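Reading through the structure tokens given below for one structure.
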Amino acid sequence: MMELLYEELAKKNGSQLFNIGKQIIIESIPNMQMELKEIFQQLAEDSSWVFENLTQKDTSYATHGFHKYPAKFIPQLAKRCIEENTNLNELVCDPFMGCGTTLIESLISGRKAVGVDINPVAYLISKVKTTSINPERLKKETDKVLSDLNLYSELKSKQKRLSKIEILPKIPNNDRIEYWFPDKKSREELGIILGRIEGIKDKDIRDFCLCAFSNILKNASIWLMKSIKPTRDFNKKIDSPTNLFSRQIKKMIRGNETYWNVLPTNIKNNLNSYLSIKKEDARKLPIEDNSVSLIVTSPPYVTSYEYADLHQLTALWLEYTCSVSEFREGFIGSVHKKEFDHDGIKSKLAKQEIEELSKKSKKEAEAVRNYFFEMQQCFEEMYRVLKQRGRACIVIGNTELRKVPILNAEVFVEIMLNLGFKMHKIVKRRIPSKVLPQTRDSKTGRFTAAGEADRLAYAHEYILIMEKL
Ligand SMILES: C[S@@+](CC[C@H](N)C(=O)[O-])C[C@H]1O[C@@H](n2cnc3c(N)ncnc32)[C@H](O)[C@@H]1O
């Protein structure tokens with residue numbers, strides 16, 4: 001279907017459409033953005049990419065369920081992209097690795113993987129989820145940690161002397177900790193858990209426990225659950241941090257065992273030659289030119305999830321930052337951007353959307369302009385690191401801001417064509433309703449009725465499969 005459309009379009013515009021190199025396209029075909037809109041409008045949904053029948057157990061198998069992460073994609077989607085577009089031992093890259101879904105699936109499928117994310121919390125989670133630990137060693141070490149913590153809280157509740165166990169509590173000195181954890185007892189208990197984790201000598205096991213600790217923080221605080229905006233819930237019932245931590249560790253132990261069993265032995269024994277992950281910026285990838293066979297990624301959205309805000313509890317406890325505003329720097333898609341000079345977004349459609357939006361909100365229009373410009377810089381980097389004929393699978397949906405359609409997918413394709421990519425295939429997939437974040441109130445981040453929302457996410461998303469010429 002897609003190829004047909006693509007050929008028709010090429011004929012209409014004089015056969016060379018997608019084979020000509022950089023810059024020429026927009027100049028020679030003034031209506032390209034209209035043609036692209038037409039292509040997208042005519043695209044039929046491909047039901048084979050919906051994965052409707054998968055259960056939560058399926059999508060969180062192995063280490064995938066270790067940590068909540070906003071807008072992660074399902075492993076089955078990444079796996080299919082990888083298997084259809086690469087061979088064994090080829091290098092797969094995710095420049096917005098998030099919690100590592102692409103990396104894990106690449107390794108399980110016998111490919112090499114390289115991942116980058118600006119977010120230190122993403123780095124920690126991805127590192128832990130891609131490192132398989134010998135299950136016996138893991139059980140033995142975490143048993144020691146859990147039994148120390150249980151003994152500690154038992155003795156403490158009986159007011160007994162605690163001298164038998166030496167744990168130095170670790171509570172960072174930051175007002176925001178009290179803001180989110182007003183209960184002194186909970187704060188102290190978390191400090192004891194963190195103090196005990198820091199005493200673990202084995203780095204892989206220490207990181208494993210830090211990841212577990214990070215994932216319980218929202219539950220252990222007064223953070224309003226299911227909200228995408230940091231909001232406090234003073235009526236929340238909170239379980240003891242030690243119980244939460246213990247349950248989390250046990251769940252992760254089971255996930256690690258599955259991962260250990262499915263990871264190819266050569267990769268398990270020599271992970272460093274197969275995997276590289278870095279806390280870096282996707283606009284400046286620490287990757288050699290022409291070295292990557294495939295990119296599988298889902299970029300951040302504009303003014304949607306503020307990753308820095310959403311991960312502030314971990315960032316505060318693990319002292320990645322002492323200020324949330326400082327932590328936001330470098331994140332693409334954030335509304336909290338300092339003004340910067342930029343010009344030359346290679347998409348006429350983007351410019352139209354920005355103009356339309358600026359009539360409703362200057363601030364949001366500026367955020368969208370920054371977003372498309374920064375994404376363009378990322379696509380330039382993707383082009384540089386890809387091998388010739390290497391492909392990029394970009395998973396992206398469109399949105400609406402103040403009733404102005406923001407057609408991310410069409411804009412991305414227009415920019416990428418102008419950078420020298422050719423369109424290989426566009427998949428339109430319906431997002432199963434159970435995971436659809438359709439309408440939100442922008443103040444609280446809570447779900448709301450469609451008519452009241454000032455932001456709307458559509459029920460479909462696209463996989464843009466673009467090829468480097
Ligand atoms: C939609 S999420 C990716 C989720 C991922 N596919 C997964 O399954 O976990 C987008 C990611 O982009 C990251 N990000 C935002 N700005 C970035 C930048 N300048 N460089 C690299 N990563 C960035 C965010 O931290 C977030 O993890």
Side-chain angles (χ1 to χ4, degrees), residues 66-69 99 119-125 127-128 141-160 162-201 203 205-227 230-253 308-324 327:
F66 275 16
H67 202 292
K68 292 190 205 79
Y69 204 91
C99 65
N119 182 357
V121 183
Y123 174 81
L124 170 70
I125 305 171
K127 189 253 160 180
V128 169
E141 294 299 321
T142 50
D143 272 356
K144 277 197 247 163
V145 174
L146 295 182
S147 84
D148 279 0
L149 292 174
N150 285 329
L151 191 57
Y152 190 93
S153 56
E154 203 180 301
L155 292 177
K156 191 150 189 212
S157 67
K158 290 183 186 152
Q159 304 275 310
K160 291 213 174 143
L162 302 172
S163 56
K164 269 212 234 158
I165 316 160
E166 281 177 35
I167 304 177
L168 270 183
K170 172 131 193 261
I171 308 174
N173 184 12
N174 190 310
D175 298 347
R176 299 295 287 180
I177 298 232
E178 221 172 300
Y179 176 90
W180 288 112
F181 302 86
D183 179 44
K184 187 160 177 269
K185 190 169 163 285
S186 281
R187 260 191 337 261
E188 282 175 1
E189 215 173 302
L190 284 164
I192 293 293
I193 299 174
L194 185 56
R196 178 60 183 86
I197 295 174
E198 301 231 313
I200 302 172
K201 293 212 171 56
K203 175 138 176 45
I205 294 182
R206 190 165 67 241
D207 286 345
F208 181 91
C209 292
L210 284 176
C211 180
F213 180 78
S214 166
N215 197 46
I216 65 161
L217 287 174
K218 276 197 185 141
N219 282 320
S221 73
I222 57 166
W223 187 286
L224 175 67
M225 300 310 278
K226 296 212 168 128
S227 167
T231 311
R232 292 193 291 176
D233 174 1
F234 289 97
N235 297 320
K236 188 168 156 185
K237 288 208 171 58
I238 300 170
D239 199 354
S240 109
T242 309
N243 287 348
L244 290 168
F245 181 70
S246 164
R247 281 204 298 274
Q248 177 68 20
I249 289 283
K250 284 177 187 152
K251 179 179 142 191
M252 286 171 61
I253 285 177
D309 295 31
L310 293 176
H311 287 138
Q312 60 180 286
L313 302 186
T314 305
L316 293 169
W317 274 95
L318 303 190
E319 294 179 289
Y320 293 148
T321 188
C322 50
S323 116
V324 179
F327 189 51

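Model, not experiment: these values are computed from the prediction.
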Next on the checklist: My understanding is that only residues two or more places apart in sequence, or in another chain, count here; which of them pass side chain to side chain contact (heavy atoms under 4.5 Å, CB included) with K170?
Outcome noted: L194, E198, E319
Checklist entry - How far does OG of S214 sit from CD of Q248, to the nearest 0.5 angstrom? => result 9.0 Å
Checklist entry - For K201, which residues count as a side chain to side chain contact (heavy atoms under 4.5 Å, CB included) partner, sequence neighbours excluded? => result none
Item to check | P120 vs F327 side-chain heavy atoms within contact, under 4.5 Å | outcome: yes
Item to check | Spacing of I197 atom CD1 and I249 atom CD1 [to the nearest 0.5 Å] | outcome: 7.0 Å
Item to check | Qualifying salt bridge (Lys or Arg N to Asp or Glu O under 4.0 Å) pairs, either residue in residues 235-246, two or more places apart | outcome: D239-R247
Output side-chain donor-acceptor pairs under 3.5 Å for residues 172-180, partner residues at least two apart or in another chain, one line each.
residue, atom, partner, partner atom, Å
N174, OD1, R176, N, 2.9
N174, ND2, C322, O, 3.2
W180, NE1, Q312, OE1, 3.2

Checklist entry - Is L217 close to L190 at the side-chain level, that is, under 4.5 Å between some pair of heavy atoms? => result yes
Checklist entry - Can you tell me how far CD1 of I171 sits from CG of L316, rounded to the nearest 0.5 angstrom? => result 13.5 Å
Item to check | Residues that H311 engages under ring pair (Phe, Tyr, Trp, His ring centres under 6.0 Å), provided they are two or more places apart | outcome: Y69
Item to check | Least distance between heavy atoms, L146 atom then S246 atom | outcome: CD2-CA, 3.8 Å
Next on the checklist: Which residues pass the side chain to side chain contact (heavy atoms under 4.5 Å, CB included) test with V145, not counting sequence neighbours?
Outcome noted: L149, R196, I200, F245
Checklist entry - At what distance, to the nearest 0.5 angstrom, does SG of C211 lie from CD1 of I216? => result 11.5 Å
Checklist entry - Atom CG of L313 and atom CG of L318: how far apart are they, to the nearest 0.5 Å? => result 10.5 Å
Next on the checklist: If the condition is side chain to side chain donor-acceptor pair (under 3.5 Å), which residues does D207 pass it with, not counting sequence neighbours?
Outcome noted: K127, K203
Checklist entry - For P182, which residues count as a side chain to side chain contact (heavy atoms under 4.5 Å, CB included) partner, sequence neighbours excluded? => result I222
Checklist entry - Sub-3.5 Å donor-acceptor pair from the side chain of K218 to the main-chain atoms of L310, do we have one? => result yes
Checklist entry - Excluding sequence neighbours, so at least two apart, what forms side chain to side chain donor-acceptor pair (under 3.5 Å) with S221? => result none
Next on the checklist: How close do K68 and N215 get, counting heavy atoms only, and between which atoms?
Outcome noted: N-OD1, 3.1 Å
Item to check | Listed partners of S186 passing side chain to side chain donor-acceptor pair (under 3.5 Å), at least two apart | outcome: D183
Checklist entry - Where do A315 and V121 come nearest, in terms of heavy atoms and distance? => result N-CG2, 4.4 Å
Item to check | For K144, all residues meeting salt bridge (Lys or Arg N to Asp or Glu O under 4.0 Å), sequence neighbours excluded | outcome: E141
Next on the checklist: Can you tell me how far apart CG (L244) and CD1 (I193) are? Round to the nearest 0.5 Å.
Outcome noted: 8.0 Å
Checklist outcome for this item: Between I253 and T142 the two heavy atoms that sit nearest each other are CD1-OG1, 3.4 Å
Next on the checklist: As a quick check of understanding, evaluate side chain to side chain contact (heavy atoms under 4.5 Å, CB included) for F181 and W317, giving each step before the final call.
Outcome noted: CA-CA 11 Å; F181 302 86; W317 274 95; 3.1 Å; yes
